[in-house]
Amino acid sequence: MSSNTPSDKPSSALEISDLDVHYGPRRRRRQALRGVSLTVAPGETVGLIGETGSGKSTLARTVLGLVPATAGSIVVGGEDVTTYGRRRWRALRRRGVVQYVFQDPLRSLDPDLTVEESLSEPLLVRGVPRAEAAGRIRAHLDRVRLTEELLGRLPGALSGGQRQRVAVARALVTEPRVLILDEPVSALDSANRVQILEILKNLRADGVALVLISHDLGSVAGVADRIAVLYRGELVETGTAHDIVTNPQHPYTRLLLGSAPTLHGAPADRAERQALRALLHA
Amino acid sequence: MTPPTTQHTRSEQPGTATEPTAAPVLSVRDVHITDRASGREIVHGVSFDLTPGRTVGIVGESGSGKTLTCRAALGILPPHFEVTAGSIEIAGTDITTLTPARWTALRATTISAVFQDPASYLNPSIRVGAQIAEVLRVKTGLTRREARDRTLELLRAVHLRDPELVRVQYPHELSGGMLQRVLIAAAIAAGPRILIADEATTALDVTVQAEILDLLADLRERTGLALVVVSHDLAVVAQLCDEVLVLRHGEVVEQGPVRSVLHDPRHDYTRLLIAEHEQYGLERFRPAKEHA
C-alpha cells in the first residue's frame, strides 16, 4: 500500500514485472504465467503473440484485475495496482484507465443498446452530464472513421467491421492509458482489416499504449513497434517487430515465423518446421 | 471507388509447368447458383479444371460464394439453392445425372471434404476411431478388424503422435488441430481422388495451420490427391495451389496461375489482398523475392 499515488509523468503506461499467475485449487494448481515482465510506453504498440493455451488471455485478464496475480507487480499509468482488492479494481475499470476489446465485438456491445447509448454509457457511469457525453462520443467516432448516422443503430444492424470500430470507439471514450485488443483483425475480411490497422496506427499519436493480442504474428506485425512472444506461460522473446521478424532467436519464434503463410513462399520449408517442432517437443 | 467487374482470366503462361494431358477429376464449367427463396443469383459463373495431384485455390471473403461453389460440387447445396446454369463433372460424370444413391456411392470414395469446424462433423459420444472405422466399413466393405487396423494406419498417416490413444478418445478430448487431422483421416479413408478443404485451417493456431497444410501437400504428393483449397487468406492459397480463383460477390474477378496473379494482379480486390500482406504483414520486413 505504499506507492499507489500516480506520478505526474509516468514513463510507461503499463509495467508488468515478474508476474506469476496460478489457476485451480491447491491440489491441481497449474501455473498459467511464469515470471512475465513487459513494459509498454505511452504511444507504443506491442504485439503479444502466443498460441491457444500460451497464457496471453490470462495476461490480459490479470491486467484488467479479473484474475489475481500470485507474484510480481502491475503498474498502470504510474499506479501500482498489484494489491488492489475487488472494489478498487472495479473503480479503476470504471475510470477506464485500462480498456479491453474482445475478439468478437458482439460480446463487447449490448445488443439492445444503440451505438449512441453504447458509446455514452462508460461516460454516464462516471458522472459525465448527458449533453457533454453526446459531444465527446462524436469526437471519438471520427477517430474510428464512423459517421454520425450510425448512432441510432443497434449492433445487429452493423457490419462486422463497423461493430469492431464501435467497440474500439467505446473503449476510447474513457481516454484509456492502455488499450488491449484481443485478436483485433482475425474475424475481419481484408478491407476491414486494413482499415482497423490504420485506425490503430493513428492512435499512437494520441499517446495510447496498445497491446494487440494475437495467435498470428503476421496479422499485427505491420503495426506493432515491438513484439512479445508468449509460449507456455513464459515470454520467450521480446524485441522490435523488425528484429523479431528478420532475426528470431527462440525456436518457438522461428517456428511461428516459419509457419506463417506468406505470398512469396514460406520462409521455412517443411523439413525445417519439422526440425523445430521436434526441438520444442523434446 | 467501385472496382471494375470485368473478369481477368489468363491462359497458362509459357514456362509454367502444366499437365494438360491428364484428364480432369473435377470439372466446373460456368456454374451459376441461385437462391430460389429470394430469386437472387449468388454465384455468377465459376469455371475450373482440376487434374490429379494438382491444387486449385478459391479466395474470397465470407459471402463471396466460395463455399456454395464447393457445396455444389459435393451435391450438398442448402435448401432453396440450385445450380441454375453451367455444369459440374466429377471423374467424367455430369452430377445432374446422379441419383441420391449414386451420390452416396461417390462421396468419400471419389470426392470428399473437410470444413472449418471439425468438432461439428464428429459425433461427440462416439470414440473417433470408431467413426473413421464406420466410413471404412460402409464405403469400402472392410470387416470390423480390418477397419480397425486401417484406422490406425490412417491416424498415423495424418501424423497424429499417438494413434493408439487417439483412436479410443472422444472428440472433446482432442485439440482443434488433432480433430482436424481426424477429419482428414476420415475424409481420405475411402481413397477419394478429390479433397475439398474449405477454410479447414482458419480456426487453428498458425503453427498448427502449417502442420495441416504440410499434411495436405504430403498427401497430394504421395497419393495424387487433387485438392480444392478454399480460404479468405491469399497466402494460404499461394502456399499450396497451382491455380487461383479470386471470388468477390459471386463473381470470379481474377483467375490464373498463382505466380502470375501474385506478380501481376489485375483487379483492385486482388491488389488489396496482396497489400494486406505486403504493407501490414510479414512481407513488409522482407525484401520482395524475385521468382525464377
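Everything numeric in this text was worked out from a predicted model, so none of it was measured. Here is how names work: the chains are called A, B, and so on, in the same order as the sequence lines, proteins then strands, and each is numbered from 1.
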*Asks:* CD of Glu61(B) to OG of Ser190(A): how many Å apart, nearest 0.5 Å?
*Replies:* 7.0 Å
*Asks:* How about CZ on Arg222(B), more than 12 heavy atoms from neighbouring residues, nucleotides or ligands closer than 6.0 Å, or not?
*Replies:* yes
*Asks:* Would you mind checking which part of Ala217(B) comes under 4.5 Å of any heavy atom in chain A, side chain (CB onward), backbone (N, CA, C, O), both or neither?
*Replies:* both
*Asks:* Which region of Asp218(B), side chain (C-beta onward) or backbone (N, CA, C, O), has a non-hydrogen atom less than 4.5 Å from a non-hydrogen atom of chain A, or is it both or neither?
*Replies:* both
*Asks:* Going by the ring pair (Phe, Tyr, Trp, His ring centres under 6.0 Å) test, which pairs reach into residues 179-227 of chain A, not counting sequence neighbours?
*Replies:* none
*Asks:* What distance separates Asp233(B) CG from Ser186(A) OG, expressed to the nearest 0.5 Å?
*Replies:* 12.0 Å
*Asks:* Check Leu256(A) against Val206(B) and note the closest heavy-atom contact, atom names and distance.
*Replies:* O-CG1, 4.1 Å
*Asks:* For Gly222(A), does its backbone N or O pair with a side-chain atom of Gln279(B) as donor and acceptor, under 3.5 Å?
*Replies:* no
*Asks:* First locate atom CD of Glu278(B), then atom OG1 of Thr262(A), and finally report the distance between them rounded to the nearest 0.5 Å.
*Replies:* 10.5 Å
*Asks:* Measuring from Glu276(B):CD to Leu197(A):CG, what's the distance to the nearest 0.5 Å?
*Replies:* 8.0 Å
*Asks:* Return the CZ to CG distance between Phe285(B) and Asn247(A), rounded to the nearest 0.5 Å.
*Replies:* 13.5 Å
*Asks:* Looking at chain A, which one of Ser175(B), Ala235(B), Ala238(B), Ala210(B) has the largest number of heavy-atom pairs inside 4.5 Å, strictly under?
*Replies:* Ala235(B)
*Asks:* Under 4.0 Å between a Lys/Arg side-chain N and an Asp/Glu carboxylate O for Arg277(A) and Glu211(B)?
*Replies:* yes
*Asks:* With a 4.5 angstrom heavy-atom cut-off, is it the side chain or the backbone of Leu204(B) that approaches chain A, or both, or neither?
*Replies:* backbone
*Asks:* Crowded around Arg161(B) CZ? As in, over 12 foreign heavy atoms under 6.0 Å?
*Replies:* no
*Asks:* Measure across Tyr280(B) and Val223(A) and return the closest heavy-atom pair with its distance rounded to 0.1 Å.
*Replies:* CD2-CG1, 4.5 Å
*Asks:* For the residue pair Pro261(A) and His277(B), what are the closest heavy atoms and their distance?
*Replies:* O-CE1, 4.1 Å
*Asks:* Using modelled atom types and a 3.5 Å cut-off, is there a donor and acceptor pairing between side-chain atoms of Asp205(B) and backbone atoms of Glu51(A)?
*Replies:* no
*Asks:* Which atoms of Thr246(A) come close to chain B, meaning under 4.5 Å heavy atom to heavy atom: side chain ones, backbone ones, both, or neither?
*Replies:* side chain
*Asks:* Distance check, rounded to the nearest 0.5 Å: Thr207(B) atom OG1 versus Arg273(A) atom CZ?
*Replies:* 10.5 Å
